[in-house]
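Working notes, beginning with the structure itself.
Below, all heavy atoms of this structure are taken into account, side chains as well, without hydrogens, waters or symmetry copies. We count ligands from 1, going down the list as the structure has it; atoms in each ligand are counted the same way.
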Amino acid sequence: MKSRKLRAGMIGGGIGAFIGAVHRIALRMDGLVELTAGAFSSKAETAMASGAQLMLDEARTYTDYVTMLEQEADMPADQRLDFICIVTPNHLHFAPVMLALEKGFHVVVDKPVAFSLEEAKAIQTKVAATGLLFLLTHTYTGYPMLKQARQLLASGVMGTIRKVYVEYPQGWLSTLLEATGQTQASWRTDPERSGAAGAMGDIGTHAFNLAEYVSGLQVTELCAAVNIVVPGRRLDDDGEVLLRFSNGATGVLMATQVAAGEENNVRVRIYGEHGGIEWMQEAANTLLVKWADKPTEVYRAGTGYLAGVAGHNCRTPAGHPEGYLEAFANLYRNFALALLARINGTVPEPAWLDFPGAEEGVRGMAFINNVLRSSGATEKWTSFTI
Ligand SMILES: NC(=O)c1ccc[n+]([C@@H]2O[C@H](COP(=O)([O-])OP(=O)(O)OC[C@H]3O[C@@H](n4cnc5c(N)ncnc54)[C@H](O)[C@@H]3O)[C@@H](O)[C@H]2O)c1
């Protein structure tokens, strides 16, 4: 069968939204996907204006997602959407995800996967039952230098992993921004729309996902303290978590949105018996590889010496900065290549299947629950239960 572009429909991401626009750049970057339909807003006027701004066919711009999923499911095979991209606030993930799967569409959804652990588990069960592809956009796992770090640690050259430090400091919620009506701050600090956690759900889940993805280990116990720093805020905006991992390694996770002056300073440091790795998003093309008995090595994106999966996720020759948008696009490219292989009846390369899915979604929601349970508990260690 001849290859063709995949057709995507988007739910959320209308005019004034944040991450929908990033998804649109990412899904188009490699020319594998075309945005064909959308239900971009709960407000009909904004939904239609958003479609017009994107020059979408008016007939495929919808004022509600249920109508979109129902009508698109009935389209002939040569027009029907292949997958749905869901970029609504957290409380509006579950219903569209479940309906999209029900209608036979593959799904891309932003993190956290849902509003609660129960919803996340139901999504995981549905994904398994339908056999459809499911991408959870934990952006940072798309960075090639983190893939290089993951492979290096997995190879055993650093010996047993002992320490995992992961940090996600932001400063944009240092004031009561939600009181001004700012859209993204308003729903993120509202328990009815964000979920049980604030910062720990919004960016703590990214940090947690990175800790497990890069180390290749799983958290088994944790000890957390979450805080509401800004008076009047209703959900945590800051916190620290001590971590214990499946192999006995220990570590620390920090997530805060009140580190005034910080932007998106994601940093990962992992140490084994013989050395360690260090990566920072704000210098994303560089991976430091440190050794106990020799000088630190500086690995750079786009170079010929990167191991397989990391090389596959670079796009430009060394020295040309690749960043957040490319990392996001790497998730989409791998997902799209895996989906095209399925459509064409070919075997996908293992590198194409390297993207977060429903299991990571469930672990992320379990992280939120376990952190909140631990923060409110008197005993020191809380088992990581799902
Ligand atoms: N991966 C990342 O790095 C990353 C970054 C930012 C946000 N996110 C996640 O993406 C999601 C969206 O966040 P955001 O900051 O873009 O939010 P946002 O408030 O900027 O955008 C949400 C959009 O959803 C639309 N919407 C709401 N209800 C709808 C409905 N019933 N039908 C159709 N559209 C509807 C809104 O009109 C808006 O366009 C959240 O789950 C968030 O956690 C992920």
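Those atoms of ligand 1 with a heavy atom of Gly12 less than 4.0 angstrom away are 24 (O), 25 (C), 33 (C), 34 (N). Listed by number with element, the atoms of ligand 1 under 4.0 angstrom from any heavy atom of Gly14 are 39 (O). In summary, the atoms of ligand 1 found under 4.0 Å from a heavy atom of Ala39, numbered by their order in the structure, are 33 (C), 34 (N). Close approach to His206 involves these atoms of ligand 1, each under 4.0 Å from a residue heavy atom: 1 (N), 2 (C), 3 (O). Residue Thr139 approaches ligand 1 through these ligand atoms, each under 4.0 Å from one of its heavy atoms: 1 (N), 2 (C), 3 (O). Interface atoms of ligand 1 facing Gln184, defined by a heavy-atom separation under 4.0 Å, are 15 (O), 18 (P), 20 (O). Every atom of ligand 1 is numbered from 1 in the order shown, and the set under 4.0 Å from a heavy atom of Phe40 is 25 (C), 34 (N), 37 (O), 39 (O). Proximity to Pro112 (heavy-atom distance under 4.0 Å) selects the following atoms of ligand 1: 43 (O).
When all heavy atoms of Asp238 and Ala199 are compared, the closest pair comes out as N-CB, 3.9 Å. Between Ser215 and Leu153, the shortest heavy-atom contact is CA-CD1, 4.4 Å. Annotation for Ala120 and Met365: closest pair CB-CG, 3.6 Å, computed over non-hydrogen atoms. Nearest heavy atom pair, residue Val214 against residue Ala149, reads CG1-CB, 3.9 Å. When all heavy atoms are compared, the tightest approach of Lys111 to Thr205 is CE-OG1, 4.0 Å. Heavy atoms only, all atoms of each residue included: Ile270 and Ile161 are closest at CG2-CG2, 3.6 Å.
Checked by distance only, ligand 1 and Tyr140 stay at 3.5 Å or farther apart across all their nitrogen or oxygen atoms. At a 3.5 angstrom cut-off on N or O pairs, His93 counts as close to ligand 1.
Classification of the Tyr324-Phe328 ring pair by plane angle, with boundaries at 30° and 60°, yields perpendicular. In this structure, Tyr165 and Tyr271 have perpendicular ring planes: the angle between them is above 60°, well past the 30° mark. Ring geometry, Tyr143 versus Trp279: the interplanar angle falls from 30° to 60°, so the pair is classed tilted. Ring planes of Phe335 and Phe355: perpendicular class, angle over 60° (limits at 30 and 60°).
Not a single heavy atom of Lys43 sits closer than 4.0 Å to an atom of ligand 1. Residue Gly201 places every heavy atom at 4.0 Å or more from ligand 1.
Geometric assessment of Arg363 against the ring of Phe208 yields a negative cation-pi assignment under the 6.0 Å and 45° thresholds. Both cation-pi conditions hold for Arg80 and Phe105: the charged atom is under 6.0 angstrom from the six-membered ring centre and inside a 45 degree cone around its axis.
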Gln170/Gln257 under side chain to side chain donor-acceptor pair (under 3.5 Å): CA gap, chis, key distance, verdict: CA-CA 4 Å; Gln170 294 180 333; Gln257 295 179 313; 3.0 Å; yes

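From the protein, the heavy atom lying nearest to atom 11 (C) of ligand 1 is Thr88 O, 3.3 Å. The protein non-hydrogen atom at the shortest distance from atom 41 (O) of ligand 1 is Asn90 OD1, 2.7 Å. In terms of protein heavy-atom proximity, atom 43 (O) of ligand 1 is nearest to Lys111 O, 2.7 Å. Looking only at heavy atoms of the protein, atom 16 (O) of ligand 1 is closest to Ile19 N, 2.8 Å. Shortest contact from atom 38 (C) of ligand 1 to any protein heavy atom: Ala17 CB, 3.8 Å. Of all protein heavy atoms, the one lying nearest to atom 28 (N) of ligand 1 is Leu92 CD1, 3.2 Å. Taking atom 23 (C) of ligand 1 as the reference point, the nearest protein heavy-atom neighbour is Gly13 N, 3.6 Å. Ranking the protein heavy atoms by distance from atom 19 (O) of ligand 1 puts Trp187 NE1, 3.0 Å first.
For the side chain to side chain donor-acceptor pair (under 3.5 Å) with Tyr213, the qualifying choice from Glu360, Lys147, His138 is Lys147, the only one to do so.
Heavy atoms of His138 found under 4.0 angstrom from ligand 1: none, in either backbone or side chain. Of all the heavy atoms of Val87, the ones lying under 4.0 Å from any atom of ligand 1 belong exclusively to the backbone. Under 4.0 angstrom from ligand 1, there are no non-hydrogen atoms of Phe115.
By heavy-atom distance, the residue among Ser41, Ala327, Pro89, Ser50 lying nearest atom 34 (N) of ligand 1 is Ser41.
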